[in-house]
Trainee: 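To start, I am sharing the structure in question, which I have written as structure tokens.
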Amino acid sequence: MKPKTPVICSNIPVFKEIANNKAVFVSSTEEMSVAVNNFLENKDLREKFSLLGYKRSKFFSWNKASEETLKVYGWVLESKKSPITK
């Protein structure tokens with residue numbers, strides 16, 4: 001999404017959460033083939049999903065991911081301390 005490439009992904013919850021309807025979702029190889037052909041043949045559709053995906057990509061960053069991961073690690077470490085050391 002970040003390089004403004006339209007995205008086709010599997011129709012599963014994790015991808016739906018990440019892409020947030022800014023991608024084309026498919027459930028079979030036949031649907032994948034149709035989606036690829038649609039993007040190849042339809043410049044307006046390709047540009048629409050390129051822009052939607054790019055805008056969605058701005059919600060994510062490696063810095064934010066690392067900060068959130070450190071928070072989780074900190075929470076886990078704190079919850080593992082014995083009552084004596086708290």
Trainee: Can you tell me how far CG of N38 sits from CZ of R46, rounded to the nearest 0.5 angstrom?
Mentor: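 Result: 11.0 Å between the selected atoms.
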
Trainee: Locate the shortest heavy-atom distance separating V24 from F39; write the atom from each residue and the value.
Mentor: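 So the minimum-distance heavy-atom pair works out to CG2-CZ, 3.6 Å.
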
Trainee: Roughly how far, to the nearest 0.5 Å, is CD of E68 from OG of S61?
Mentor: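 The OG atom of S61 sits 9.5 Å away from the CD atom of E68.
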
Trainee: When rounded to the nearest 0.5 angstrom, what distance separates NZ in K2 from NZ in K55?
Mentor: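 So the gap between those two atoms works out to 14.5 Å.
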
Trainee: Do I8 and V34 share a hydrophobic cluster, counting only Ile, Leu, Val, Met, Phe, Trp and Tyr and linking them when any side-chain heavy atoms are less than 4.5 Å apart?
Mentor: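 In one cluster with I8: V34, no.
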
Trainee: Is there a donor-acceptor pair closer than 3.5 Å between any side-chain N or O of S66 and the backbone N or O of W62?
Mentor: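 Yes, the answer is positive, given that a donor and an acceptor are paired below the 3.5 Å cut-off.
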
Trainee: Taking all non-hydrogen atoms of both residues, which atom of A65 and which atom of T69 are closest, and how far apart?
Mentor: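 Where A65 meets T69 most closely, the heavy atoms are O-OG1, 2.8 Å.
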
Trainee: Of all the heavy-atom pairs spanning F25 and S10, show the shortest one and how long it is.
Mentor: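 The pair with the smallest heavy-atom distance is CD2-O, 3.8 Å.
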
Trainee: Say whether M32 and M1 are linked into one hydrophobic cluster, either directly or through other cluster members, by side-chain heavy-atom distances under 4.5 angstrom.
Mentor: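 No, it is not one cluster - the side chains of M32 and M1 are not joined through contacts under 4.5 Å.
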
Trainee: Considering residues, nucleotides and ligands other than F60, do more than 12 of their heavy atoms fall under 6.0 Å from its CZ?
Mentor: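 Yes, because the 6.0 Å sphere around CZ of F60 holds more than 12 heavy atoms from other groups.
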
Trainee: Looking at every heavy atom in both F49 and P6, which two are closest together, and how far apart are they?
Mentor: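 What the structure gives for the nearest pair is CB-CB, 3.9 Å.
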
Trainee: Hey, does the side chain of S57 reach the backbone of Y54 with a donor-acceptor pair shorter than 3.5 angstrom?
Mentor: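 Yes, because the side chain of S57 sits within donor-acceptor range (under 3.5 Å) of the backbone of Y54.
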
Trainee: Do F15 and N11 have side chains that approach each other closer than 4.5 Å (heavy atoms only, starting at C-beta)?
Mentor: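 F15 vs N11: side chains apart.
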
Trainee: Looking only at heavy atoms, which two atoms of T5 and S50 are closest? And how far apart?
Mentor: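 Heavy atoms only, the tightest pair is C-OG, 4.3 Å.
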
Trainee: Looking at K64 and E67, does any basic side-chain N land under 4.0 Å from a carboxylate oxygen?
Mentor: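 So K64 does not pair with E67 through a salt bridge.
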
Trainee: Say whether, by atom type as modelled, one donor and one acceptor occur between the side chain of R56 and the main chain of I18 under 3.5 angstrom.
Mentor: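 Yes; at least one donor-acceptor contact below 3.5 Å.
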
Trainee: Same cluster or not: are F59 and V14 linked, directly or through other Ile, Leu, Val, Met, Phe, Trp or Tyr residues, by side-chain heavy atoms under 4.5 angstrom apart?
Mentor: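 Per the 4.5 Å side-chain linkage, F59 and V14 are co-clustered.
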
